[in-house]
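All values below come from the heavy atoms of this structure, side chains included, with hydrogens, waters and symmetry mates left out. For ligands, and for the atoms within them, numbers begin at 1 and follow the listed sequence.
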Amino acid sequence: MRILILGGDGYLGWPTAMYFSHRGHDVTVVDNYFRRNACTELDVGMLYPLPTLQERAKIWHELTGHEIKVVIGDLTDPEIMRSLFNGRVVYQWAVNPEFTGIPDTVMHYAEQPSAPYSLLNYKYANITLSNNLLVTNNLVFALRDLAPEAHVVHIGTMGEYGTPNIDIEEGWLEIEHKGRKDKFLFPRQAGSLYHTTKIMDTDLMWFGVRMWNLRITDLMQGPVYGIETDESVIDDRLKTIFNYDEIFGTVVNRFITQAIVGYPLTVYGKGGQTRGYLNIKDTLQCVDKSAQTPARPGELRIFNQIMETFSVLELAELTRTVGRKHGHEVHIKSIDNPRKEAEEHYYNPAYQGLQDIGVTPHFLTEEVMEGMFRVVGKYKDNIRKDVIFRGVKW
Ligand code: USQ
């Protein structure tokens with residue numbers, strides 16, 4: 001497959017690029033360093049420094065012989081987006097800087113992914129809105145005009161559904177009303193401005209599917225944890241970005257880091273907030289299986305991309321158990337919840353669809369968490385306590 005990865009420098013984008021490249025696909029990554037720049041601007045601290053995307057692609061090529069073509073560009077500019085489909089693209093790094101043709105599969109990760117970032121203040125809210133919606137809209141129009149056959153795999157979020165008091169279906173809900181039936185997108189009600197942009201993305205893509213027969217798979221992903229993938233272990237310099245701060249760190253990655261430096265685990269409020277979680281390795285499996293079984297023309301196919309559910313308190317307790325085995329003094333501390341969210345609620349999402357197309361889940365066992373403790377522990381001296389909690393309020 002010719003695979004185009006939008007947002008190829010991020011936590012999930014870079015591992016995805018290596019995964020497909022390793023399997024012999026023709027891979028191009030695009031990124032504008034939004035995430036790295038935001039990390040620098042907000043001084044969030046990072047577990048370890050990262051080579052640039054061009055350097056990573058070069059290291060990857062030296063070690064494996066595979067080429068990942070690199071484009072540094074801002075996809076909110078429609079001409080940059082269109083260049084990836086009309087051949088006018090300029091590569092910042094490539095072994096062979098020829099356009100190899102219209103992509104078969106587009107992985108869309110090019111979004112501002114953090115709920116706290118989107119609520120820092122009105123400026124960051126606007127950046128989140130304009131980045132996420134313009135990139136998605138530019139993609140929809142590029143597909144309509146230049147690549148209507150290409151299949152898009154978009155990373156959505158379980159947070160679009162919120163925490164309704166009914167079972168969450170995989171994207172769609174059949175409704176009977178006054179004796180008549182129809183199928184609609186499952187009701188969405190997000191808990192942050194970031195999550196709201198993902199609802200708007202869904203609407204833009206669904207519009208493109210209805211009007212122009214686009215083919216889109218939307219993966220409603222829960223919080224991801226993990227650090228290593230089968231490709232990143234080849235060389236330390238290939239590791240993905242790892243954040244543990246309040247803005248960009250997700251909860252499991254944060255708890256492990258906190259345990260290692262003796263910072264009481266930051267459980268927000270009662271800790272009954274339940275979400276569906278998945279290992280970073282399973283994100284790769286999910287996008288792979290989705291790419292191998294594409295949506296049909298005119299289909300918006302939606303899967304709930306989670307492997308198991310936990311409450312925040314359950315995650316904290318697991319971290320404490322594993323941390324103590326590793327000789328860390330781990331305490332759990334409930335702090336006033338800076339977010340506006342239900343702390344005790346019903347949560348019963350369906351998530352069989354991805355397993356039906358061949359995904360075999362990794363679960364968050366003590367052993368898996370121990371593996372993360374070992375890797376994060378190697379960088380203990382880089383961990384900054386001052387960025388762990390800053391209290392971005394909703
Ligand atoms: N939480 C704590 N303590 C912390 C950090 C988080 O109790 O120190 C709680 C939060 O309040 C929330 C839950 O843990 O109830 C998950 O928080 P998170 O920061 O790990 O995840 P979230 O903000 O929801 O966002 C992350 C990703 C986002 C993705 C989303 C999937 O950053 O890109 O879309 O997970 S989901 O949560 O299903 O919407």
Side-chain angles (χ1 to χ4, degrees), residues 7 10-13 34-35 38 44 108-120 128 131-132 154-164 168 188-199 201-202 218-226 241-259 263-278 280 283 303-317 319 332-345 347 349 351 364 385 387-394:
Y11 177 55
L12 303 174
F34 178 97
R35 168 73 164 267
V44 300
H108 176 13
Y109 296 93
E111 306 207 51
Q112 190 299 96
S114 156
Y117 180 99
S118 74
L119 287 163
L120 274 166
T128 305
N131 183 77
N132 294 3
H154 173 251
I155 296 288
T157 171
M158 287 297 289
E160 288 184 39
Y161 304 124
T163 51
I168 297 173
R188 267 108 164 121
Q189 41 189 0
S192 85
L193 203 276
Y194 150 72
H195 289 95
T196 303
T197 64
K198 304 289 273 196
I199 296 178
D201 272 350
T202 302
D218 203 5
L219 300 173
M220 312 296 273
Q221 188 169 243
V224 180
Y225 60 85
I241 189 168
F242 187 94
N243 289 109
Y244 57 89
D245 64 286
E246 178 181 326
I247 308 283
F248 287 114
T250 46
V251 64
V252 177
N253 293 355
R254 278 168 62 66
F255 281 176
I256 289 169
T257 311
Q258 292 167 7
Y263 194 103
L265 308 188
T266 52
V267 170
Y268 294 167
K270 295 192 181 119
Q273 303 93 306
T274 304
R275 302 285 182 269
Y277 290 84
L278 78 162
I280 191 167
T283 296
F303 292 123
N304 291 344
Q305 184 157 305
I306 61 177
M307 300 301 151
E308 55 193 326
T309 60
F310 292 101
S311 70
V312 170
L313 211 46
E314 285 169 339
L315 292 174
E317 278 159 6
T319 311
I332 297 175
K333 188 175 172 199
S334 163
I335 51 182
D336 271 355
N337 196 339
R339 305 183 181 198
K340 208 165 259 180
E341 60 183 355
E343 292 172 9
E344 285 166 320
H345 57 89
Y347 201 65
Y351 50 93
L364 185 53
K385 288 189 183 176
V387 301
I388 289 177
F389 186 74
R390 54 200 276 175
V392 180
K393 262 185 107 58
W394 265 221

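Of all the heavy atoms of Glu160, none lies under 4.0 Å from any atom of ligand 1, so neither backbone nor side chain is involved. The residue Phe389 has no part lying near ligand 1, judged by heavy-atom distances below 4.0 Å. Both the backbone and the side chain of Thr250 come within 4.0 Å of ligand 1, judged by heavy-atom distances. With a heavy-atom cut-off of 4.0 Å, Glu246 does not touch ligand 1 at all.
In this structure Tyr117 satisfies the ring-ring contact (aromatic ring centres under 6.0 Å, His included) test together with Phe34, Tyr124, Phe248, sequence neighbours excluded. The salt bridge (charged side-chain N to carboxylate O under 4.0 Å, His left out) check on Glu246 picks up nothing, with sequence neighbours excluded.
Nearest protein heavy-atom contact of atom 36 (S) of ligand 1 is Thr157 OG1, 3.5 Å. Scanning the protein heavy atoms around atom 1 (N) of ligand 1, the nearest turns out to be Tyr268 CD1, 3.5 Å. Shortest contact from atom 22 (P) of ligand 1 to any protein heavy atom: Arg339 NH1, 3.8 Å. Looking only at protein heavy atoms, the nearest one to atom 11 (O) of ligand 1 is Glu341 OE2, 2.5 Å. In this structure, atom 9 (C) of ligand 1 lies nearest to the protein heavy atom Val312 CG2, 3.7 Å. What sits closest to atom 21 (O) of ligand 1 on the protein, heavy atoms only, is Pro223 CG, 4.0 Å. Nearest non-hydrogen protein atom to atom 18 (P) of ligand 1 is Val251 N, 4.0 Å.
Ligand-side atoms of ligand 1 in range of Arg254: 4 (C), 5 (C), 8 (O), range being under 4.0 angstrom from any heavy atom. Close approach to Gly159 involves these atoms of ligand 1, each under 4.0 Å from a residue heavy atom: 36 (S), 38 (O), 39 (O). Within ligand 1, counting atoms from 1 as listed, the ones closer than 4.0 Å to a heavy atom of Arg275 are 15 (O), 37 (O). For ligand 1 and Gln221, the ligand atoms under 4.0 Å from any heavy atom of the residue are 31 (C), 38 (O). Listed by atom number, the atoms of ligand 1 under 4.0 Å from Pro113 heavy atoms are 27 (C), 28 (C), 32 (O), 33 (O).
Between Tyr277 and ligand 1, no N or O atom pair is found at a separation short of 3.5 Å. Considering both main-chain and side-chain atoms, Thr266 comes within under 3.5 Å of ligand 1 through a nitrogen or oxygen pair.
Judged by distance alone, the side chain of Arg339 and the main-chain N or O of Lys393 form no donor-acceptor pair under 3.5 Å. The closest donor-acceptor contact from the side chain of Ser114 to the backbone of Ile247 lies under 3.5 Å. Listed for the Gln273 side chain is a donor-acceptor partner under 3.5 Å among the backbone atoms of Gly271. Put simply, the side chain of His345 gets close to the backbone of Thr274: a donor and an acceptor are under 3.5 Å apart. A donor-acceptor pair under 3.5 Å is absent between the side-chain atoms of Lys198 and the main chain of Met220, judged by distance alone. Of the possible donor and acceptor atoms, one in the side chain of Thr250 sits under 3.5 Å from a partner among the backbone N and O of Val224.
For the pair Arg275/Val251, no side-chain contact is recorded, criterion being any heavy-atom separation below 4.5 Å from C-beta on. Contact of the Asn253 side chain with the Phe242 side chain is registered, since non-hydrogen atoms from C-beta on lie closer than 4.5 Å.
Residue Ser114 places every heavy atom at 4.0 Å or more from ligand 1.
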Candidate pair Thr197 and Glu111, rule side chain to side chain donor-acceptor pair (under 3.5 Å), full reasoning: CA-CA 9 Å; Thr197 64; Glu111 306 207 51; 4.9 Å; no

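Put simply, CZ on Phe255 and OH on Tyr225 are 15.0 Å apart, with the number rounded to the nearest 0.5 Å.
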